[in-house]
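Counting begins at 1 with the first residue of the sequence.
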Amino acid sequence: MSTFLRAPRARAYPRAPRARAYPRAPRARPWAARVAVAGVLAALAAACSPAVPIVAAGAVTTAAVAEERTTRDALTDIEIETTINNNLLNASPELFRRVGVDVVEGRVLLSGAVSRQDQRIEAVKQAWAAPGVREVINELSLAGDPGIQRYSQDLWITTQLRSRMVADAGIRSINYNIETHRGVVNLIGLARSPQELQRVTRIAAAIPGVTSVVSHVLSIDDPRRLAQTPRPDGNSDGFGPAPAPAAG
């Protein structure tokens, strides 16, 4: 009798998992990218230009003026401020450290405190040396170094005023530059109306630690925006006698 060998049973292996179907990524739409770029360009244009109609994706909107200065004037003011700071640094590191410089439409505000009258004169001279300067406003006082604590207090005042102006819908804060020294708030810039400027000065005066508010802000229709102030002679600080030294 013949004996047959039984074939071994096939071993069962686990079945490979089925590939999971993932949603296909959406195809990029060229027109969507163009609309997005157009929107960015429109926003940039609105920040630097007067109110103009802007057409984007079939809609017409009006962009509000972000700043009363033109783009060219703003860039020129930055160049003037950089040049003056460089002049102060080359003349004296102490002048560079202690003199604050703000420029709006070629009008230069110098603020802070220096040790001697000849430093006030030198600061004004270095400011007038920058091309494009139309006026130099000298608010430098004669006093010693205020120290870190006083500097921190002044910085806090400036920060408080800026944040309150930004939060006020009736004020276009970008039109104003602020410098605070020893509790004295100096303002320079452009006001859309006397009421707006009054609002700004009232807010500044209400901040704890402010001793006085000095405004060199012009209204947007003030003819002095285009005027050229005569340059002082080489021995003048531009604004008569020096202020009395501050106590402390």
(message) Run the side chain to side chain donor-acceptor pair (under 3.5 Å) test on H216 and E139 for me, step by step, so that the C-alpha distance in whole Å, both residues' side-chain angles and the decisive distance to 0.1 Å come before the verdict.
(response) CA-CA 10 Å; H216 296 284; E139 287 292 345; 2.8 Å; yes
With a 4.5 Å heavy-atom cut-off, do [X] and [Y] have their side chains touching?
| X | Y | result |
| --- | --- | --- |
| V104 | R69 | yes |
| N186 | D102 | no |
| E122 | V114 | no |
| L187 | L161 | yes |

Should [X] and [Y] be regarded as members of a common hydrophobic cluster, given that ILVMFWY residues are connected when their side-chain heavy atoms come within less than 4.5 Å of each other, either directly or indirectly?
| X | Y | result |
| --- | --- | --- |
| V210 | V184 | no |
| M165 | I220 | no |
| V166 | I171 | no |
| V217 | V214 | no |
| W128 | L140 | yes |

Show the nearest heavy-atom pair for residues [X] and [Y], with the distance to one decimal.
| X | Y | value |
| --- | --- | --- |
| A113 | R98 | O-NE, 3.0 Å |
| H181 | S111 | NE2-OG, 3.2 Å |
| A204 | V213 | CB-CG2, 3.8 Å |
| L197 | S215 | CD1-OG, 3.7 Å |

Going from [atom1] on [X] to [atom2] on [Y], what distance comes out if it is rounded to the nearest 0.5 angstrom?
| X | Y | atom1 | atom2 | result |
| --- | --- | --- | --- | --- |
| I188 | Y176 | CD1 | OH | 12.5 Å |
| R224 | S219 | CZ | OG | 7.5 Å |
| D77 | T82 | CG | OG1 | 10.5 Å |
| I78 | T83 | CD1 | OG1 | 11.5 Å |
| E196 | N175 | CD | CG | 6.5 Å |
| Q126 | N85 | CD | CG | 11.5 Å |

(request) Apply side chain to side chain contact (heavy atoms under 4.5 Å, CB included) to the pair I121 and Q117, showing each step before the final yes or no. (result) CA-CA 7 Å; I121 297 173; Q117 172 66 8; 4.1 Å; yes
(message) Under the salt bridge (charged side-chain N to carboxylate O under 4.0 Å, His left out) definition, can you give me all pairs with a residue in residues 200-219, not counting sequence neighbours?
(response) none
(request) Please collect all side chain to side chain donor-acceptor pair (under 3.5 Å) contacts where either partner lies in residues 153-168, sequence neighbours excluded, each pair once. (result) R150-Q153, R150-D154, T158-T180, Q160-R164, D168-R199
(request) Flag yes if more than 12 heavy atoms outside E94 fall under 6.0 Å of its CD atom; otherwise flag no. (result) yes
(request) Would you sort out whether E68 and R172 count as a salt bridge (charged side-chain N to carboxylate O under 4.0 Å, His left out), showing the intermediate values? (result) CA-CA 9 Å; E68 300 300 335; R172 186 163 291 163; 3.1 Å; yes
(request) Test side chain to side chain contact (heavy atoms under 4.5 Å, CB included) on L109 and N177 and set out the steps. (result) CA-CA 10 Å; L109 171 64; N177 287 10; over 6 Å; no
(message) Using the side chain to side chain contact (heavy atoms under 4.5 Å, CB included) definition, which of the options I137, V133, V136 pairs with R107?
(response) I137
